[in-house]
There are 2 protein chains.
Amino acid sequence: MSDRGAGQTGGRGESLLFLTDDQLRRGIEAMFFAYRGFTADPDRILAEYTYGRAHHRAIHFINRSPGTTVNNLLDILGVTKQSLNRVLRTLIQDGLVESRVGTRDRRERHLFLTEEGEALERQLSEAQRRRMRAAFREAGPEAVAGFRTVLEQMMDPEMRKHYQTMKDGW
Amino acid sequence: MSDRGAGQTGGRGESLLFLTDDQLRRGIEAMFFAYRGFTADPDRILAEYTYGRAHHRAIHFINRSPGTTVNNLLDILGVTKQSLNRVLRTLIQDGLVESRVGTRDRRERHLFLTEEGEALERQLSEAQRRRMRAAFREAGPEAVAGFRTVLEQMMDPEMRKHYQTMKDGW
DNA sequence: CAGTTTATGTCAGCCTTGTTGACTTTCCAA
DNA sequence: TTGGAAAGTCAACAAGGCTGACATAAACTG
């Protein structure tokens, strides 16, 4: 596909030094430590409520795709419906999420954030974006492009479609 | 530090388009979906035993720094000693990890993988490296450099030192 | 030497969030 | 009208976080 270049070696035969076990181990640890940072700020906010990461994930993807169905969310989040249902139930009871019966198919429930839900979503995502913005700014646009390329390759293929599909509102 | 370039805009004033909220949201989702992929292969292997991700993390960092102390591991993993101890106890009982009393300071316990522990470590890390290697290869060396730069910026500063410190054997 | 701090281990209990299995209700579509 | 999909619920369980309290041994300190 794209020109992958030969990096610092300059020749047409790539050095492949970036594929050594040691480099891979560094990549593995980078994922581990960075993911901790990635979740740290929202976790602190969630701890002030009775919510956890599972609630954050549901709120995030409902906000991204207002009107998404429960089945759709299940597919994205990769958990059982019992797990998701427990989370959705509390969010609905607490008035952060609204569940509307589908018009075309009245078995389906379409999920929306309420005003209050949107307020929490903003609080969480602003904290998370602040850190990512700082990281992106420090790293620069080319590093960000590489970051996204590698992460996309690391996903399971089925997840890649969720990552790319951004417009499934109702 | 390094030249961050101006990307496609070519001018000396960076476009900053890579810092929009939408780009940041894509980065957030990339982290979410990629981390799922990142843990998927080891998780499948661990499920065949009675172990979980917590055991994998302990095994990984003991393998990286043979002879590391319990306190050292606690700092790296960021959990309570009770949580870590539960994991270490089973690994020691199962003969995957050996705990040796320190010579200089006999309060300390130094942790090592046994032959059997190393065998499981290899199985887990080979699975994880396989995916990372494929992602790195597809993305190319420049993307990998960017990937690591962004992730490093995303870490909490205290974690960055663990990421960089690679030589603390005993 | 006495007292304090440090490193580790352990017990008990709690919470979140994942799982499986069984079952019901609703309701679209053949 | 009936089969099956979508959704929801209940129960039980496990992993792996957490807090708090307490024990022991070793090292350090005045």
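Each chain gets a letter, A, B and so on, in the order its sequence line appears, and its residues count up from 1. Not measured: the values here are computed from a predicted model. Computed from heavy atoms alone, side chains included, the values below leave out hydrogens, waters and symmetry copies.
In 5' to 3' order, the nucleotides of DNA chain D bounding all contacts with chain A (an atom under 4.0 Å from a heavy atom) are dG4(D) to dC10(D). The nucleotide range of DNA chain C contacted by chain B, defined by atoms under 4.0 angstrom from heavy atoms of the protein and reported 5' to 3', is dT6(C) to dC11(C).
Nearest-nucleotide mapping onto DNA chain C: of Arg106(A) and Asp105(B), the residue sitting toward the 5' end is Asp105(B). For the pair Val70(B) and Gln82(A), nearest-nucleotide mapping onto DNA chain C gives the more 5' position to Val70(B).
Residue His56(A) comes nearest to Gln128(A) through the heavy atom pair CE1-OE1, 3.4 Å, listed as atom of the first residue, atom of the second, then distance. Closest approach of Gly95(A) to Thr114(A), counting heavy atoms only: O-OG1, 2.6 Å. Between Ala40(B) and Arg131(B), the closest heavy-atom pair is CB-NH2, 3.9 Å. Leu24(B) approaches Leu19(B) most closely through the heavy-atom pair CD1-O, 3.6 Å. Here the closest non-hydrogen pair linking Thr149(B) and Ala143(A) is CB-CB, 4.3 Å.
The stretch residues 45-62 of chain A comes close to DNA chain C through Thr50(A), Gly52(A), Arg53(A), Ala54(A), His55(A), Arg57(A), each having a heavy atom under 4.0 Å from the strand. Within residues 83-100 of chain B, the residues having any heavy atom closer than 4.0 Å to DNA chain D are, in order of number, Ser83(B), Arg86(B).
In summary, the aromatic rings of Phe32(A) and Phe61(B) are positioned with their centroids under 6.0 Å apart.
Residues satisfying the side chain to side chain donor-acceptor pair (under 3.5 Å) criterion with Gln123(B), sequence neighbours excluded, are Tyr49(B).
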Counting only pairs under 3.5 Å, give me each side-chain donor-acceptor contact of residues 84-94 of chain A, with atom names and distances, residues two or more places apart or in other chains.
unit_1	atom_1	unit_2	atom_2	d
Thr90(A)	OG1	His55(A)	NE2	3.3
Thr90(A)	OG1	Val87(A)	O	2.9
Asp94(A)	OD2	Tyr51(A)	OH	2.4

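Considering CD1 of Ile76(B) and CZ of Phe33(A), their distance stands at 5.5 Å, rounded to 0.5 Å.
There is a side-chain donor-acceptor pair under 3.5 Å between Arg148(A) and Gln23(B). A donor-acceptor pair shorter than 3.5 Å cannot be found between the side chains of Glu29(B) and His162(A).
Asp21(B) has a carboxylate O that lies under 4.0 Å from a charged side-chain N of Arg129(A), or vice versa, which qualifies the two as a salt bridge.
The closest donor-acceptor contact from the side chain of Thr39(A) to the backbone of Arg36(A) lies under 3.5 Å.
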